[in-house]
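Heads up, the thing below is written out as structure tokens.
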Amino acid sequence: MKGKILKIGVLASGSGSNLQSIIDNIEAGKLQAEIACVISNNAASFALERARKHDIPALHIDHRIFTGREAYDAALVETLAEHGVELVVLAGFMRIITPVLLHAYPGAIMNIHPALLPAFPGLHAQRQALDYGVKVAGCTVHFVDAGTDTGPIIVQATVPVLEGDTEETLSARIVAEEHRIYPEAIGLFAEGRLKVNGRKVSISP
Ligand code: GAR
């Protein structure tokens, strides 16, 4: 992909702070990519607002008007294709995706999860980590496969769990690392440096 700017589509449901870090890295010239569109299932997602502020097409596609997950994902695929998206970036997208989206973007869907996978998949990962009593927590960027938070791991970062941590304090420490490693992982993809072999992702120099 050298010489060509990778077009990414960001899917988000919440505050969009990871989207913001991607925007900031692109604008600072640290990440060679273009955000072709931002899509949210949630009209109130602040991610849409962030996109609009940066003149990025921001689309609300409401899952409630579709008959099922597959029909919703077909609408996502149509919109992503219309915008020429090559890599789908899930950034706090709180929906389970189906084979309809997976097959449209084989090997080209990434997710960020606020835990050191394979520990603590699913919802409330930070709370799960605190409840378990781990001393080290973190976040993971991985390719998406048919499971929930199970795909090949691209990059991880660790943070300490400190005495007296709450879900909020631990989440804040983790999300700061998310903002660092997600743009990094997208950059590696954009540079064509990620190779997936089974479960393993190797990074070429
Ligand atoms: C992030 O912490 C992300 O890791 C998490 O949602 C948050 C979104 O924050 N994703 C998941 O839990 C997915 N299972 P943001 O909207 O500010 O980027």
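Ligands are counted one by one from 1 in listed order, and the atoms in each one are counted from 1 as well. Computed from a predicted model, the values in this text were never measured in an experiment.
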Q) So which protein heavy atom does atom 9 (O) of ligand 1 come closest to, and at what separation? A) N18 ND2, 4.0 Å

Q. Side-chain heavy atoms under 4.5 angstrom apart, residues restricted to Ile, Leu, Val, Met, Phe, Trp, Tyr: same cluster for I186 and L194?
A. yes

Q | Inter-residue atom distance H179.NE2 - L19.CG, 0.5 Å rounding | A | 9.5 Å

Q: Using non-hydrogen atoms of the residue, decide whether A125 is closer than 4.0 angstrom to ligand 1.
A: no

Q) When you measure from the side chain of N25 to the backbone N and O of P183, does any donor-acceptor pair fall under 3.5 Å? A) no

(Q) Tell me the protein heavy atom at minimum distance from atom 10 (N) of ligand 1, and give that distance in Å. (A) I112 O, 3.7 Å

(Q) Starting from atom 8 (C) of ligand 1, what is the nearest protein heavy atom, named by residue and atom, and what distance separates them? (A) G92 CA, 3.6 Å

Q. Please state which protein non-hydrogen atom is closest to atom 5 (C) of ligand 1 and give its distance, to 0.1 Å?
A. P114 CD, 3.9 Å

Q: Return the residue, atom name and 0.1 Å-rounded distance of the protein heavy atom closest to atom 16 (O) of ligand 1.
A: G16 N, 2.7 Å

Q: Could you list the atoms of ligand 1 found under 4.0 angstrom from a heavy atom of S15?
A: 15 (P), 16 (O), 17 (O)

Q) What is the closest protein heavy atom to atom 14 (N) of ligand 1, and at what distance does it sit? A) H113 ND1, 3.4 Å

Q | S171 side, atom OG; E178 side, atom CD - distance, nearest 0.5 Å | A | 8.5 Å

Q) Does a salt bridge link E49 with K53, judged by any charged N lying under 4.0 Å from a carboxylate O? A) no

Q.
Nearest 0.5 Å, please: how far is CE in M110 from CG in L90?
A. 10.5 Å

Q) What residue and atom, counting heavy atoms only, is the protein's closest point to atom 15 (P) of ligand 1, and at what distance? A) S17 N, 3.4 Å

Q) Is any NZ, NE, NH1 or NH2 atom of the basic residue among E167 and R127 found under 4.0 Å from an Asp or Glu carboxylate oxygen of the other? A) yes

Q: Give yes or no for whether the N/O distance cutoff of 3.5 Å, strictly under, is met between D149 and ligand 1.
A: no

Q. Closest non-hydrogen protein atom to atom 4 (O) of ligand 1, residue and atom name please, with distance?
A. E178 OE1, 2.8 Å

Q.
Within the 3.5 Å criterion, strictly below it, is a donor on S13 or N41 matched to an acceptor on the partner's side chain?
A. yes

